[in-house]
*Asks:* 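One structure, pasted below without further comment.
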Amino acid sequence: MRNRSLTILGILLLLLSLTARGLSAPRSRVDSIRQELPKLEGHERLQAYYKIYNLYYYAGEAKKERKAIDNLLHEADLQGDVDMQGTARAALLYYYYNTDLNDSLLSEFPKHQAFFLKHSDWKLYYDTWVLVVNHHIFTSQSNMALREVKKMYEDAQKRGNSYGIGLASYGMGNAYMEIGFHQEAIQAYERCIKALRHTDLGSSTLLDVYPYYCSVLSEVQNYKRMLEITDQWLTYLDSHRKDLGLDDANAESSPYYTFYSNSRATALMGLGRLREAENLLMKAYEATKDVKDNTQLTVFYNLGQLYMKKKDYAKALAFNSRIIQNFADPKDLSGTLMLNKQRAEIMLQSHRFEEAAKLYKQVFYLADSLNIKSVKNQLNEFNTLFKVNEMEKDTQQARTRHIYIILAVIIIALLLMGLLGLYFMIRLRQKNNELGVALDHAQESDRMKTAFIQHVSHEIRTPLNVITGFAQVIGNPDYHLSKEERLNIVNSIETNTREITNFVNELLVFSENESQNHYKMTDCVNISLFCKDLLKKAEVVNNGRLVLSYESRLDDNYTVISNTMALERILRPLLGNAMKFTEKGCIKIQVQESEVQGKLDISVADTGIGIAEDQRDRIFEKFYKVDSFKSGLGLGLPMARSIAHKIGGELMLDDTYKEGTRFILRIPNKTS
């Protein structure tokens, strides 16, 4: 059964708070209310049904809770009470979510959402929508979660609804964090906090956001920002003590403040302020040492980290052992990996190298198992998105052809993943003589495989989804399509097939370039003809949308000794990016002798959206994308710069250009 809230942490805190105050058994209270029901009318009768529902909800009696929701909804319908109708409908969706009745949740959500929309109940409208997003996250369908939360975000933006924007940003942050896109998650959580501060509806959601935001900041080691966020978190807790059922005497020993203390202690440790971190953690330890729950786990783990930094390895090991003894679950690979990794680090720092080596070996295999599990989840999600298993063999030829394309792309992606994984494993085994080297390579292998899987799956899902959806439409005899509709569908399939082909080609070219140390500089290249030919090829994609032009200060017959294929592999991604990020205007290739003696400058300039200053240092990083919603793998610019170096040149962004974006390729100006 899922946790009874939008997030795991929020409801854990809520239930612990309720337990601390004491919950009486609901049966006697329900019987008392039922005896009064025949005497009650109108609003009082509705409130009685609502109290019965709440008693069963907090007692965790699911079957009785379901019946109570039906009774509440029936009475609300009889009285025509719109507010209570909405409450009952939302309660029903929460019931489906909490009891893992996923089919009921997904099938009934649209009609209840339509009710909330009709009556402009924006809180329930967005609260229940985020249930669908979280369902996809908790079932390891992060791509579907991102697609759903993007729709939710666009809907809230269109309505100018701050609560919806905040809640959608929160769901987006959770989805990005699940797949390891930390920077995107940070941006989403920032948007969430900013939006929810402007609405009274968002106060309860902020209780969930702060811990998750601190967690992802810890992952990227941005401890300064993490400290600032914990300041905001503490201000929020202090101002909402009454709402949380706390008083001055018991506040700081409550789970709410314990989770805050843990996050702040993590930030302080990261900044080297160990004494302050220890003071916070010892308060948390006193509050949790006799209570075996998740708050105690996080306190013990952080104490292990603290004492490791203080070089008190005996205490660090003791806290790690207590966690393993009280909380370890062999089925929880992620938790086991975290605990083993901490234990291995303690052994390594305390010079117990043989024990550390054994543990790091376990860490490597656990990480590899998690990666394999991640790949399987990705493939399962593809089956859900594209319904490959439901396609029949006797459909039309066009439909079959595109199914084969989908399968081929998946197989190629898997082969590339397997080859990449094999490559890193071979490297790891070859250099496993020294413990430190083995650890570095294991971490790099894990990072590269994860980044590769994430980016490939992230980019191919949309065109695959379009192809499969239209293939089903064409192959279904129940759909009657006009000639024009069928032509439009075929054109869309062809366009998305080309997009997938381009992704595969980009991966193959990138792989070939990575294995190539240099390019032979033996081609006599006519610069004018070469650039005009590039623009001619680009015009096929451009189709008259933008003005493509060539300008040169050199003679039309001017030639240089270079490598034609290398030059094309550099300039084609520049032209592709220019067309992708330019809505209207022009793209121009300019050629001139460089201000640097013996060099030739070839520039590609556009009138597009440009590149923000805070992103200019990262555009040449592998897999980095300025806009995560634009197609592409984020390999074009890194590959172009790499090739430029291999032919003795350099590729740079022109910071002085203000009308859009301009890249300059500077190559040796050898004419003979």
Side-chain angles (χ1 to χ4, degrees), residues 502 505-506 509-510 513 519 525 527-528 530-539 541-542 545-554 558 560 562-596 598-628 630-669:
N502 289 338
N505 288 338
E506 186 176 352
V509 171
F510 180 78
N513 178 66
Y519 289 82
V525 183
I527 293 297
S528 178
F530 173 76
C531 293
K532 289 177 180 178
D533 183 59
L534 277 180
L535 289 175
K536 185 177 180 181
K537 292 176 181 177
E539 182 57 39
V541 179
N542 179 54
R545 183 173 65 88
L546 305 169
V547 176
L548 307 184
S549 63
Y550 170 71
E551 179 182 298
S552 175
R553 298 181 182 178
L554 306 175
Y558 193 89
V560 295
S562 188
N563 186 294
T564 305
M565 182 177 68
L567 290 176
E568 186 168 348
R569 286 182 176 180
I570 296 170
L571 293 172
R572 286 190 69 175
L574 301 183
L575 286 170
N577 283 347
M579 289 189 288
K580 187 188 304 182
F581 292 100
T582 304
E583 292 294 330
K584 59 181 180 179
C586 65
I587 298 173
K588 181 185 292 185
I589 296 180
Q590 294 177 300
V591 179
Q592 63 183 22
E593 289 187 351
S594 174
E595 59 187 22
V596 179
K599 299 289 185 179
L600 182 70
D601 287 351
I602 305 174
S603 65
V604 177
D606 61 54
T607 56
I609 61 175
I611 299 174
E613 288 187 13
D614 60 348
Q615 293 180 320
R616 291 174 182 173
D617 292 337
R618 301 195 60 196
I619 57 174
F620 291 105
E621 294 178 11
K622 294 175 184 176
F623 298 121
Y624 181 76
K625 295 170 64 176
V626 173
D627 186 345
S628 59
K630 292 287 188 181
S631 64
L633 295 173
L635 294 175
L637 287 178
M639 182 178 67
R641 171 171 273 189
S642 173
I643 296 173
H645 289 159
K646 290 175 183 179
I647 64 172
E650 59 179 323
L651 179 64
M652 66 200 88
L653 175 68
D654 185 355
D655 293 335
T656 64
Y657 187 72
K658 304 300 182 184
E659 297 177 17
T661 303
R662 178 162 62 193
F663 286 94
I664 299 174
L665 171 62
R666 182 165 291 163
I667 61 173
N669 189 9

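Note: hydrogens, waters and symmetry copies are ignored here, and every other heavy atom, side chains too, is used.
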*Asks:* Find out whether Leu548 and Tyr550 are in side-chain contact, i.e. whether some heavy atom of one side chain is under 4.5 Å from a heavy atom of the other.
*Replies:*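 No, every pair of side-chain atoms sits at 4.5 Å or beyond.
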
*Asks:* Could you state the interatomic distance from CG (Asp606) to OG1 (Thr582), rounded to the nearest 0.5 Å?
*Replies:*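 So the gap between those two atoms works out to 3.5 Å.
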
*Asks:* Report the residues that fulfil salt bridge (Lys or Arg N to Asp or Glu O under 4.0 Å) with Arg545, sequence neighbours left out, ordered by chain and then residue number.
*Replies:*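 With neighbours one apart ignored, the set is empty.
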
*Asks:* List the steps, then state whether side-chain contact (heavy atoms from CB on, under 4.5 Å) holds for Cys531 with Val591.
*Replies:* CA-CA 9 Å; Cys531 293; Val591 179; 4.1 Å; yes

*Asks:* Supply the atom-to-atom distance Ile602 CD1 to Ile570 CD1, rounded to the nearest 0.5 angstrom.
*Replies:*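 Between atom CD1 of Ile602 and atom CD1 of Ile570 there are 8.5 Å.
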
*Asks:* Rounded to the nearest 0.5 Å, what's the gap from CG on Leu637 to CG on Leu574? Could you check?
*Replies:* 6.5 Å

*Asks:* Side-chain contact test, heavy atoms from C-beta onward, threshold under 4.5 Å: evaluate it for Phe620 versus Leu651 and give yes or no.
*Replies:*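 They are in side-chain contact.
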
*Asks:* Between Leu600 and Leu554, is any pair of side-chain heavy atoms under 4.5 Å apart?
*Replies:* yes

*Asks:* Could you tell me which residues satisfy side-chain hydrogen bond (donor to acceptor under 3.5 Å, both in side chains) with Glu593, sequence neighbours excluded, listed by chain and number?
*Replies:* none

*Asks:* Less than 4.5 Å apart, side chain to side chain, heavy atoms only: is that true for Leu665 and Leu567?
*Replies:*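 Yes, side chains in contact.
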
*Asks:* Roughly how far, to the nearest 0.5 Å, is the CE atom of Met639 from the CZ atom of Arg569?
*Replies:* 7.0 Å

*Asks:* More than 12 heavy atoms of other residues, nucleotides or ligands under 6.0 Å from CD of Glu539: yes or no?
*Replies:* yes

*Asks:* Could I get the full list of side-chain contact (heavy atoms from CB on, under 4.5 Å) partners for Val596, not counting sequence neighbours?
*Replies:* Ser594, Lys599, Arg666

*Asks:* Do Thr607 and Ile587 have side chains that approach each other closer than 4.5 Å (heavy atoms only, starting at C-beta)?
*Replies:* no

*Asks:* Who are the salt bridge (Lys or Arg N to Asp or Glu O under 4.0 Å) partners of Arg572, not counting sequence neighbours?
*Replies:* Glu568

*Asks:* As an exercise, state the distance from CD of Gln590 to CZ of Arg553, rounded to the nearest 0.5 Å.
*Replies:*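 Reported to 0.5 Å precision, the distance equals 7.5 Å.
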
*Asks:* Go through it in stages, so that I can follow the logic: the residues are Ile667 and Asp601, the test is side-chain contact (heavy atoms from CB on, under 4.5 Å), and I'd like the CA-CA distance, side-chain angles, deciding distance and then a yes or no.
*Replies:* CA-CA 7 Å; Ile667 61 173; Asp601 287 351; over 6 Å; no

*Asks:* What's the spacing between Lys532 NZ and Ile589 CD1 if we round to 0.5 Å?
*Replies:* 11.5 Å

*Asks:* By side-chain contact (heavy atoms from CB on, under 4.5 Å), which residues pair with Asp654, not counting sequence neighbours?
*Replies:* Thr656, Tyr657, Arg662, Ile664

*Asks:* Side chains of Leu535 and Leu575: closer than 4.5 Å at any heavy-atom pair?
*Replies:*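 Answer yes - side chains close enough.
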
*Asks:* Can you find a pair of side-chain heavy atoms, one from Asn577 and one from Lys580, that are under 4.5 Å apart?
*Replies:*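 Heavy-atom side-chain distance check passes, below 4.5 Å.
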
*Asks:* Please examine the side chains of Ile619 and Phe663, heavy atoms only from C-beta on, and report whether any two atoms are closer than 4.5 Å.
*Replies:*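 Counting from C-beta outward, Phe663 and Ile619 do come under 4.5 Å.
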
